[in-house]
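Heads up: the structure comes next, in structure tokens.
No experiment lies behind these values; they were computed from the predicted model shown. Note that ligands are numbered from 1 as they come in the structure, with each ligand's atoms numbered from 1 the same way.
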Amino acid sequence: MSYDLVVIGTGPGGYVCAIRAAQLGLKTAVVEKRKTHGGTCLNVGCIPSKALLHASHMFEDTREHFAHLGIGVTPPTLDLKQMQVFKQEGVDGNTKGVEFLLKKNKIDAFLGTARIAAAGQVEVTGEDGSNQILETKNIVIATGSDVTRLPGIEIDEKTIVSSTGALDLDTVPKRLVVIGAGVIGLELGSVWRRLGSEVTVVEYLDRILPGMDGEVAKNFQRILSKQGFQFKLGAKVTKAEKTKSGVTLMFEPAAGGSSESLEADVVLVAVGRIPYTQGLGLDELGVQKDNRGRILTDAHFSTNVTGIYAIGDVIAGPMLAHKAEDEGVAVAEILAGKAGHVNYDVIPSVVYTSPEVASVGKTEEELKAAGVAYNVGKFPFTANGRAKVNRTTDGFVKILADATTDKVLGVHIIGAEAGNLIHEAVIAMEFGASSEDIARSCHAHPTLAEAVKEAALAVEKRAIHM
Ligand SMILES: Cc1cc2nc3c(=O)[nH]c(=O)nc-3n(C[C@H](O)[C@H](O)[C@H](O)COP(=O)(O)OP(=O)(O)OC[C@H]3O[C@@H](n4cnc5c(N)ncnc54)[C@H](O)[C@@H]3O)c2cc1C
């Protein structure tokens, strides 16, 4: 069989790349080693985590907030088995959707493990051991990432779990210890806290959400602490020992000092993800990687071997589904002779907790480090009419604009629906907007988005409702 393009992996990077390539007339095939398409994101990442975040949020809202709204309910009870069914239905709906889209676009989908036998040749080994070779002009590697493990801590997906196991627990752990205060740890910690767990987060650094704006992270930590999260920051985990009743986790100050321990029913290891290239045969082909195991690519997603490209979590950049998707589109367009491009300065990131945290562009720390003079406009949700009436007043919008040109350089939001609100900033930044452009755009009342407008007004110290 002979193709213009074979894409390895059908996560958000791979399947989107294949669809765009097919739209542009390339004869395209995909190879996927899971039984279902959609990759980490749809099977064990974005989609199932958001299903559990939604369900657990509804559970907590019903229990804690309905009475104040005048809605009388008997305290809700938890049917975790059904909640997991709800999650799985969402996953199935999405993975089947990808299968449908591949068929609709006449993309040949092979289920099996791919190895690049040579440039222009992809060998597919099926579960039954069958083998076939696909001839192709181009190969896009979109094999994604895998869980980062900690030395000496063995993940069994029962008592010591990765995100995959944490999405599948069949009982609510009384004590959950999360190692790592990044997005995945805080999202999954939120799910189980809402369902009844005591959650302690142990983090090596002295702050949560490394990489996010420091002020936002500090505020977010305060809000999470009020919700019941416990934090052990600046703490290095040294050992996890399974006991009859769970796990004893040993840790010590990152800066050195005496050891402490924590008892847990379940420990979630959420210290990041590493690029996944196992079994592809890259070393034999001489495909270069960086010192973190990421495939090295040029500005056109090409590796150092002609005809082999790579996108998504397996290359440098934020490990996010939408970044992988945009790279998939860009590389397909490049292969079809168009000018595919990704603007890495404007990739939003969202933490889907309650409240949500969302950001795009530069943080204050980054601007300071780069010596860029900037103005800050900030507006709290306590002063936003819609947030007040909804009782979702936690958080604020912060806009960072260039001190000379007023161009928006970064936007950081903590608050209800921050993950949707951030897209106003994304579009504005993509069009090179100034804070004044946002401030002069009419915003419907009463909406949470008015806080974005007010933050833009605040850049020049002329917010109205503050
Ligand atoms: C718990 C969790 C929650 C997340 N939540 C979010 C979120 O809310 N928003 C967000 O943007 N990102 C989120 N992410 C990150 C997101 O899932 C990844 O950034 C995204 O899936 C990367 O897409 P990808 O296409 O590069 O790779 P993947 O989605 O990892 O897909 C790679 C695919 O390649 C297949 N593969 C690997 N090797 C081979 C081979 N040799 N042959 C054939 N197939 C192969 C794999 O089976 C896999 O299906 C989350 C991740 C996790 C773990």
Looking at [X], I'd like to know if its [atom1] atom is crowded, meaning that more than 12 non-hydrogen atoms belonging to other residues, nucleotides or ligands lie closer than 6.0 Å.
{"X": "H57", "atom1": "NE2", "answer": "no"}
{"X": "Q82", "atom1": "CD", "answer": "yes"}
{"X": "K242", "atom1": "NZ", "answer": "yes"}
{"X": "E64", "atom1": "CD", "answer": "yes"}
{"X": "H423", "atom1": "NE2", "answer": "yes"}
{"X": "K239", "atom1": "NZ", "answer": "no"}

Taking only heavy atoms of [X], which atoms of ligand 1 are found under 4.0 Å from at least one of them?
{"X": "A324", "value": "23 (O), 26 (O)"}
{"X": "A142", "value": "32 (C), 33 (C), 34 (O)"}
{"X": "L280", "value": "41 (N)"}
{"X": "G312", "value": "26 (O)"}
{"X": "Y352", "value": "8 (O)"}
{"X": "G11", "value": "25 (O), 29 (O), 31 (O)"}
{"X": "V31", "value": "43 (C), 44 (N)"}
{"X": "S49", "value": "3 (C)"}

Which residue supplies the protein heavy atom nearest to [atom], what is that atom called, and how far is it?
{"atom": "atom 27 (O) of ligand 1", "answer": "G144 CA, 3.1 Å"}
{"atom": "atom 53 (C) of ligand 1", "answer": "R273 NH1, 3.4 Å"}
{"atom": "atom 46 (C) of ligand 1", "answer": "E32 OE2, 3.5 Å"}
{"atom": "atom 18 (C) of ligand 1", "answer": "D313 OD2, 3.3 Å"}
{"atom": "atom 34 (O) of ligand 1", "answer": "G9 CA, 3.2 Å"}

Can a side-chain donor-acceptor contact be found between [Y] and [X] if the only test is distance below 3.5 angstrom?
{"X": "N43", "Y": "T95", "answer": "no"}
{"X": "E135", "Y": "Q121", "answer": "yes"}
{"X": "N343", "Y": "E430", "answer": "yes"}
{"X": "Q84", "Y": "K87", "answer": "yes"}
{"X": "E187", "Y": "T353", "answer": "no"}
{"X": "D92", "Y": "Q88", "answer": "yes"}

Against ligand 1, does [X] come closer than 4.0 Å with any heavy atom?
{"X": "P318", "answer": "no"}
{"X": "V44", "answer": "yes"}
{"X": "K50", "answer": "yes"}
{"X": "R115", "answer": "no"}
{"X": "S145", "answer": "yes"}

With backbone taken as N, CA, C and O and side chain as the heavy atoms from C-beta onward, which portion of V183 lies under 4.0 Å from ligand 1: side chain, backbone, both, or neither?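 It is neither; nothing of V183 touches ligand 1.
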Side chain, backbone, both or neither: A114 near ligand 1, heavy atoms under 4.0 Å: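 Near ligand 1, A114 shows its backbone as well as its side chain.
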With [atom] as the reference point, say which of [options] has the nearest heavy atom.
{"atom": "atom 39 (C) of ligand 1", "options": "T143, I184, T10", "result": "T143"}
{"atom": "atom 15 (C) of ligand 1", "options": "H322, M319, K323", "result": "M319"}
{"atom": "atom 12 (N) of ligand 1", "options": "C41, G14, A321", "result": "A321"}
{"atom": "atom 14 (N) of ligand 1", "options": "C46, G45, S163", "result": "C46"}

Pair E60 + R193: basic N to acidic O under 4.0 Å: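 Yes, charged N to carboxylate O under 4.0 Å.
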Is the shortest side-chain N to carboxylate O distance from K27 to D4 below 4.0 Å?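 Between D4 and K27 there is no salt bridge, as every charged N stays at least 4.0 Å from the carboxylate O atoms.
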Heavy atoms only: give me the nearest I347-P318 pair and the separation to one decimal.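 Closest pair (atom of I347, atom of P318, distance): CG2-CG, 4.4 Å.
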Do V269 and S162 come within less than 4.5 Å of each other through their side chains, counting heavy atoms only?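 A side-chain contact is absent here, since even the closest heavy-atom pair is not under 4.5 Å.
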Evaluate [X] for polar contact with ligand 1, using N/O atom pairs at a separation under 3.5 Å.
{"X": "K33", "result": "yes"}
{"X": "T40", "result": "yes"}
{"X": "G13", "result": "yes"}
{"X": "L320", "result": "yes"}

